[in-house]
Protein chains: 2
Amino acid sequence: MGITKTQIFNNRQNELATIFKVLANPARIAILQYISGQKACICNDIVDEIGLAQPTISQHLKELKSIHLIKGAIDGKKVCYCINLEKWKEIQDLLNSFFDKTKFNCC
Amino acid sequence: MGITKTQIFNNRQNELATIFKVLANPARIAILQYISGQKACICNDIVDEIGLAQPTISQHLKELKSIHLIKGAIDGKKVCYCINLEKWKEIQDLLNSFFDKTKFNCC
DNA sequence: ATTTATTATCGTAATATTGCAATATATAAA
DNA sequence: TTTATATATTGCAATATTACGATAATAAAT
């Protein structure tokens with residue numbers, strides 16, 4: 001069937017899974033690390049840095065944008081991609097909450 | 001082509017992506033939450049709780065085991081699945097390290 | 001030994017993801 | 001206005017993931 005049965009899980013579980021899914025790719029990890037280390041964040045630089053084709057990078061950026069982890073500011077014919085600090089921290093808190101809430105009273 | 005180009009990324013990036021991938025499914029999130037809240041963690045109970053077929057749960061448990069997030073102790077004809085506390089904390093630290101190391105000197 | 005209960009594995013269908021070439025769009029420069 | 005540059009979108013092929021029925025494997029109970 002190939003399709004995740006999201007309807008049998010609650011919103012929090014699906015939200016966590018969606019966030020983890022966006023982060024579940026080394027190219028997207030590398031993009032986030034690269035963006036965060038640069039002052040000027042231009043998509044074409046990312047292409048040179050990561051070593052994947054431009055459409056592939058563009059698609060990965062779209063997925064990172066889908067959960068608002070990055071935002072892109074249009075600057076002439078370039079787009080300056082940046083970490084969305086607010087969302088970044090929100091997601092870190094959400095993940096920590098998940099890890100902290102899990103108790104270990106088993107076995 | 002459908003295959004992730006792991007060879008162009010470093011070990012840390014691939015490791016992070018692998019961990020995120022294992023967590024990137026609401027069934028596996030639900031399984032972790034359920035296991036952590038129970039004293040006796042038996043696969044068949046998980047099947048009843050989650051609402052997916054037994055082979056599907058068994059496969060998800062295998063994936064969680066693949067990064068040692070849970071461990072299974074054989075107890076007669078049952079298997080008691082438990083959170084691997086050591087690895088759990090190690091992964092939480094690894095993810096926090098990723099989130100903390102990302103700087104925000106862009107834009 | 002046979003039956004029952006629990007979990008794992010295999011095979012398969014449906015869907016999702018990854019990556020890229022080709023192309024489209026949009027803006028700046030010439 | 002043509003050309004060059006930067007990014008997005010489309011379409012497609014290869015591979016991965018999700019889920020489940022059928023079946024195997026294992027161990028306890030009868």
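Residue numbers start from 1 in every chain, and the chains themselves are labelled A, B, ... in the order their sequence lines are given, proteins ahead of strands. Not measured: the values here are computed from a predicted model.
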- Item | Nucleotide D/dT17, atom P - distance to CZ of A/Phe20 in whole Å | 17 Å
- Task: May I ask you to test the B/Leu69-B/Asn84 pair for a side-chain heavy-atom distance under 4.5 Å?
- Result: no
- Item | Sub-4.5 Å side-chain heavy-atom contact between A/His60 and A/Ile46 | no
- Reckon B/Lys5 has a side-chain N or O less than 4.0 Å from the OP1 or OP2 of C/dC20? yes
Distance-only donor-acceptor hits, side chain of residues 16-25 of chain A, under 3.5 Å, sequence neighbours excluded:
| unit_1 | atom_1 | unit_2 | atom_2 | d |
| --- | --- | --- | --- | --- |
| A/Thr18 | OG1 | A/Asn14 | O | 2.9 |
| A/Asn25 | OD1 | A/Ala27 | N | 2.8 |
| A/Asn25 | OD1 | A/Arg28 | N | 3.4 |

- Does anything in residues 47-62 of chain A reach DNA chain C, meaning a heavy atom under 4.0 Å, and if so which residues? A/Leu52, A/Ala53, A/Pro55, A/Thr56, A/Gln59, A/His60
Name the pairs: protein N/O against N/O of nucleotides 28-30 of chain D, kept only if under 3.5 Å.
none

- Task: Mind listing the residues from residues 8-19 of chain A sitting with a heavy atom below 4.0 Å of DNA chain D? Number order is fine.
- Result: none
- Message: So, using side chain to side chain contact (heavy atoms under 4.5 Å, CB included) as the criterion, who are the partners of A/Gln54 when residues are at least two apart?
- Response: A/Val47, A/Ser58
- Item | Counterpart residues, side-chain hydrogen bond (donor to acceptor under 3.5 Å, both in side chains), relative to B/Ser97 (two or more places apart) | B/Arg12
- Is A/Lys78 close to A/Asn44 at the side-chain level, that is, under 4.5 Å between some pair of heavy atoms? no
- Message: What is the separation between atom CD1 on A/Ile46 and atom C1' on D/dA6, rounded to the nearest whole Å?
- Response: 12 Å
- Item | Any donor-acceptor pair under 3.5 Å from A/Gln13 side chain to A/Asn10 backbone | yes
- Query: Think B/Asn25 has a side-chain N or O under 4.0 angstrom from the OP1 or OP2 of D/dT18?
  - Reply: yes
- Result for 5'-nearest mapping on DNA chain D, choosing between B/Lys21 and A/Asn44, is A/Asn44
- Determine whether more than 12 heavy atoms belonging to other residues, nucleotides or ligands lie under 6.0 Å from atom CG of A/Asp48. yes
- Message: Using whole Å, what does the distance between atom P of nucleotide C/dA26 and atom CD1 of A/Ile74 come to?
- Response: 10 Å
- Message: Taking A/Ile35's backbone N and O only, do any of them form a donor-acceptor pair with A/Gln38's side chain (distance below 3.5 Å, no angle check)?
- Response: no
- Item | Side-chain N,O (A/Tyr81) to OP1/OP2 (D/dA6) below 4.0 Å | no
- Message: Can you work out whether B/Cys43 or B/Thr6 has the more 5'-proximal nearest nucleotide on DNA chain C?
- Response: B/Cys43
- Query: Rounded to the nearest Å, what distance is computed from the CD1 atom of residue A/Ile3 to the P atom of nucleotide C/dA16?
  - Reply: 5 Å
- Can you check whether B/Tyr81 reaches B/Ile42 side chain to side chain, under 4.5 Å on heavy atoms? no
- Message: Take a 6.0 Å sphere around CD of A/Gln7 and say whether it holds more than 12 heavy atoms from other residues, nucleotides or ligands.
- Response: yes
